[in-house]
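Each remark here refers to the structure printed beneath this line.
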Amino acid sequence: MSKEFVQSFFPFITSYVSSERAPIVILHAWNFIFPDTCKHHHEAALSPLQIQRPCLAMAAVLGAFIGIKYGRGIKNCNQKHDDLISLINESWSKSSTLFGCMNISALVHHCIFPSNVSWALDCAFTGVSSLHLFTTSILLWILWIEDVMEEETI
């Protein structure tokens, strides 16, 4: 683990160590654990393609997997609402697929190769996925209202 890694993921610790409040023992321990030459050992292993923000990259890959693999919709348990449930399934499926695409474009933009095109795709997939998710929630609310109205008439 390099000093730069700790500085980027734990900025409070590094700011404390470099402050006047830090005891000299902590400063010496810090310099012993993370010497200034520490980064030079890792430079030889760097490839031309560097992943920036590795935690975000893992979250984006997981989000893409979840969105594309598990965006299936709900099971039809009531034959009275076939058309409404069909609309809910279609909207949920589109929202989940676009969520997966959003995570793929976020991985490219935030972690691999930031560009205007990847930023625009990230924004577009985020917005359209959100609109489909909003549509799904309204359709589910309508389904719930219809079920409540049917129970009251019985």
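The first residue of the sequence shown is numbered 1, and numbering continues consecutively from there. None of the values given here were measured: they were computed from a predicted structure.
- Among residues two or more places apart in sequence or in another chain, the side chain to side chain donor-acceptor pair (under 3.5 Å) test is passed with Ser95 by none.
- Considering CH2 of Trp92 and OG1 of Thr97, their distance stands at 10.5 Å, rounded to 0.5 Å.
- Under a cut-off of 6.0 angstrom, the local environment of CZ in Phe134 is sparse, with at most 12 non-hydrogen atoms contributed by other residues, nucleotides or ligands.
- With rounding to the nearest 0.5 angstrom, the CD1 atom of Ile88 is 11.0 Å from the OG1 atom of Thr135.
- Between the side chain of Ser93 and the main chain of Glu90, no donor-acceptor pair closer than 3.5 Å is present.
- Taking OG1 of Thr136 as the reference point, atom CG of Leu133 lies at 6.0 Å (rounded to 0.5 Å).
- Cluster annotation: Ile138 and Leu131 are assigned to distinct hydrophobic clusters (Ile/Leu/Val/Met/Phe/Trp/Tyr, side-chain heavy-atom contacts under 4.5 Å, transitive).
- With rounding to the nearest 0.5 angstrom, the CG atom of Leu139 is 10.5 Å from the CG atom of Asn89.
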Could you list the donor-acceptor pairs under 3.5 angstrom formed by side chains in residues 102-115, with sequence neighbours left out?
from: Asn103; atom 1: ND2; to: Phe99; atom 2: O; distance (Å): 2.9
from: Ser105; atom 1: OG; to: Cys101; atom 2: O; distance (Å): 3.3
from: Ser105; atom 1: OG; to: Met102; atom 2: O; distance (Å): 2.9
from: His109; atom 1: ND1; to: Ser115; atom 2: O; distance (Å): 3.3
from: His109; atom 1: ND1; to: Ser118; atom 2: OG; distance (Å): 3.0
from: His110; atom 1: NE2; to: Asp122; atom 2: OD2; distance (Å): 3.2
from: Ser115; atom 1: OG; to: Ser118; atom 2: N; distance (Å): 3.2
from: Ser115; atom 1: OG; to: Ser118; atom 2: OG; distance (Å): 3.2

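- Atom CG of Leu84 is separated from atom CG of Leu140 by 8.0 Å, given to the nearest 0.5 angstrom.
- One distance of note links CG of Asn116 with CG of Leu121; it measures 11.0 Å at 0.5 Å rounding.
- A search for side-chain contact (heavy atoms from CB on, under 4.5 Å) contacts involving Val148 returns Trp144, Glu152, not counting sequence neighbours.
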May I have the step-by-step check of side chain to side chain contact (heavy atoms under 4.5 Å, CB included) for Trp141 and Ser137, ending in yes or no? CA-CA 6 Å; Trp141 181 72; Ser137 65; over 6 Å; no

